[in-house]
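Following: one structure in C-alpha cells, then a few remarks.
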Amino acid sequence: MNPTFWRNTIWYVLLGITSVIAIILIIKKRDHRKFNIAFTFTVLGLVYSIESALMGLYGGAYSYYPKISANAFLDTVMGNHFSQVSIATTLVLLAIYKLSTKWIFISAAIYYLIELLFLELGIYEHHWYKTWLTFLGIIVLALLVKKWYHRMLNLPRFWMYYLTLFFAVQSSYGLTRASFIYGKFRMINFNVYPDVLKDNFVLIHIPFLIVINIMISVYRLKPSWIVKCIVFISLFFIQFLLTETGIMTIRPGWFLIITSIDVLSCYLFVVIMDRLLKSGVRELQ
C-alpha cells in the first residue's frame, strides 16, 4: 500500500469512521427518526456552505492533505468532505440527544485538539485561518443547531421550514453535482478562479440557489403536469444554451443523461426531504 496512506490518508479514514458511528447513533434514535435523517442533511448543507465560503475567501482558509487526489485543490475538497460530515453529524448528535452545554464545550475542545494534531502531522495547513475559530465555531453552531432542531419540532415558521428544506436538498443534491465534477462529466466555466475545479466546487452555490428554489416552488405550488413539464424542459433548454455558448462543458454524448439526472434528481430530493421533515413537524406557522 502507498506510504502516503499510512502517513496522511489513514487519519482521514479514522475521522470518517467516527462519522459512521455518529450516523448509526442518529439512526438508532427512535424518536423522530425520519426527521432526524433529513435534519442531518440540513446541517450538512449548512456546514458545506460555510466550508465552501472559507475555501474561496482570500485564496482559501486552509488546505487538507489526505493524499487521495493528485490535484491539490481536489485533494483539499476530499479532505474537507471528511471534516464536513464529522462536524455535521456531531452537531446533530448534540441536538437530538439533548446533551447539555458541557458536552458542547467538550465537543469543541475535541475538534480543537484534532485540528492541532492534523497540523502537527502535516496533513492539514492553515493559510489565514486560526484554530481558535474552530473551537468558537463549533460552540456557536452547536447552540444554533440545538435551538433550530427544537424549533423545527415545535411549530416552526414557514421561512425556517423553507430554509431547512433548502439546506437538506442542497447537501443531497450536491452529491449528484459533485459526482459530475469528480467524473468530469460536466464542468461549469465561471472563470472566477484559475482552477476550473475550484470554480465548480466554490461557486456551485449559484446554480444551487436557482435550481433548488425553482424545484421547491414547483413542488409546493403543486401545478399541473403541463406546467411541471414546461419548467423541466426550460431547465433542459437553459443547460443546452450554456453548453452551446461554452459556459458549461459536458462530456460528448452524455448531455441527455447528465441533464436528466441533474434536473430529475433535484426534484426527487425535494420530495424526499420534504416528506422526511414533515414526519417530525407538527404544523407550520
Side-chain angles (χ1 to χ4, degrees), residues 44-46 48-61 69-78 80-81 84 162-163 165-221 223-273:
L44 182 58
L46 173 65
Y48 173 53
S49 297
I50 295 171
E51 295 258 24
S52 294
L54 290 173
M55 286 195 296
L57 287 173
Y58 306 110
S69 173
N71 181 284
F73 181 75
L74 194 57
D75 203 43
T76 284
V77 170
M78 290 178 173
N80 190 247
H81 289 335
Q84 291 170 20
Y162 196 97
L163 194 63
L165 178 59
F166 176 85
F167 278 123
V169 176
Q170 176 178 273
S171 60
S172 51
Y173 172 54
L175 295 174
T176 302
R177 287 262 176 165
S179 66
F180 293 162
I181 300 172
Y182 281 126
K184 297 182 179 179
F185 289 104
R186 184 180 67 181
M187 294 288 185
I188 301 176
N189 305 307
F190 293 103
N191 294 322
V192 173
Y193 297 101
D195 190 333
V196 68
L197 290 171
K198 191 169 186 177
D199 244 5
N200 279 262
F201 276 110
V202 174
L203 301 177
I204 197 172
H205 296 281
I206 296 174
F208 276 166
L209 283 171
I210 299 170
V211 179
I212 295 175
N213 278 298
I214 289 174
M215 290 305 186
I216 291 177
S217 299
V218 168
Y219 174 68
R220 293 188 62 86
L221 293 174
S224 65
W225 278 104
I226 294 177
V227 174
K228 284 184 179 179
C229 287
I230 291 174
V231 172
F232 291 161
I233 291 172
S234 297
L235 290 172
F236 270 81
F237 184 66
I238 289 171
Q239 295 201 46
F240 173 76
L241 290 178
L242 292 175
T243 304
E244 288 297 303
T245 55
I247 297 175
M248 181 184 292
T249 304
I250 297 180
R251 185 181 294 185
W254 284 79
F255 176 82
L256 187 60
I257 296 174
I258 294 299
T259 308
S260 298
I261 293 174
D262 180 55
V263 174
L264 297 178
S265 68
C266 185
Y267 185 78
L268 180 62
F269 283 125
V270 169
V271 175
I272 293 172
M273 293 302 164

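FYI, side chains are in, hydrogens and waters are out, and symmetry mates aren't considered; it's all heavy atoms of this structure. Just so you know, these numbers come straight off a predicted model, no measurement behind them.
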Out of curiosity, [X] [atom1] to [Y] [atom2], how far, rounded to the nearest 0.5 Å?
{"X": "F201", "Y": "E51", "atom1": "CZ", "atom2": "CD", "answer": "13.5 Å"}
{"X": "I50", "Y": "L46", "atom1": "CD1", "atom2": "CG", "answer": "4.5 Å"}
{"X": "M55", "Y": "F73", "atom1": "CE", "atom2": "CZ", "answer": "5.0 Å"}
{"X": "I250", "Y": "T243", "atom1": "CD1", "atom2": "OG1", "answer": "4.0 Å"}
{"X": "R251", "Y": "K184", "atom1": "CZ", "atom2": "NZ", "answer": "9.0 Å"}
{"X": "L242", "Y": "I188", "atom1": "CG", "atom2": "CD1", "answer": "7.5 Å"}

Looking at residues at least two apart in the chain, or sitting in another chain, which of them share a salt bridge (charged side-chain N to carboxylate O under 4.0 Å, His left out) with D199?
-> none

Can you name the closest pair of heavy atoms from [X] and [Y] and give their distance?
{"X": "G60", "Y": "K198", "value": "N-NZ, 4.3 Å"}
{"X": "V196", "Y": "N200", "value": "O-ND2, 2.8 Å"}
{"X": "M187", "Y": "L197", "value": "CE-CD2, 3.6 Å"}
{"X": "V169", "Y": "C266", "value": "CG1-O, 4.2 Å"}
{"X": "L74", "Y": "N71", "value": "N-OD1, 2.9 Å"}
{"X": "S179", "Y": "F185", "value": "O-CD1, 4.1 Å"}

Looking only at atom types and distance, does a side-chain atom of N80 sit under 3.5 Å from a main-chain N or O of T76, one as donor and one as acceptor?
-> no

Step by step, would you call T259 with F232 a side chain to side chain contact (heavy atoms under 4.5 Å, CB included)?
-> CA-CA 10 Å; T259 308; F232 291 161; over 6 Å; no

Residues which pass side chain to side chain contact (heavy atoms under 4.5 Å, CB included) with T176, listed by chain and number, not counting sequence neighbours | Y173, F180, I261, S265, F269

List the residues meeting side chain to side chain donor-acceptor pair (under 3.5 Å) with [X], not counting sequence neighbours, and say none if there are none.
{"X": "S52", "value": "H205"}
{"X": "K228", "value": "Y267"}
{"X": "S49", "value": "Q170"}
{"X": "T249", "value": "N189"}

Check whether any side-chain heavy atom of I204 sits under 4.5 Å from a side-chain heavy atom of Y48, and report yes or no.
-> yes

pair P207-R177: side-chain heavy atoms closer than 4.5 Å | yes

Could you check Q239 against V263 for side chain to side chain contact (heavy atoms under 4.5 Å, CB included), going step by step and ending with a plain yes or no?
-> CA-CA 10 Å; Q239 295 201 46; V263 174; 3.9 Å; yes

The single option from V211, I216, I212, V218 that satisfies side chain to side chain contact (heavy atoms under 4.5 Å, CB included) with I214 is V218

Would you mind telling me which of I210, V270, L268, L264 makes a side chain to side chain contact (heavy atoms under 4.5 Å, CB included) with M215?
-> V270

Can you label the angle between the Y182 ring and the H81 ring as parallel, tilted or perpendicular, going by 30° and 60°?
-> perpendicular

[atom1]/[X]: more than 12 non-hydrogen atoms of other groups inside 6.0 Å:
{"X": "F190", "atom1": "CZ", "result": "yes"}
{"X": "F237", "atom1": "CZ", "result": "no"}
{"X": "L221", "atom1": "CG", "result": "yes"}

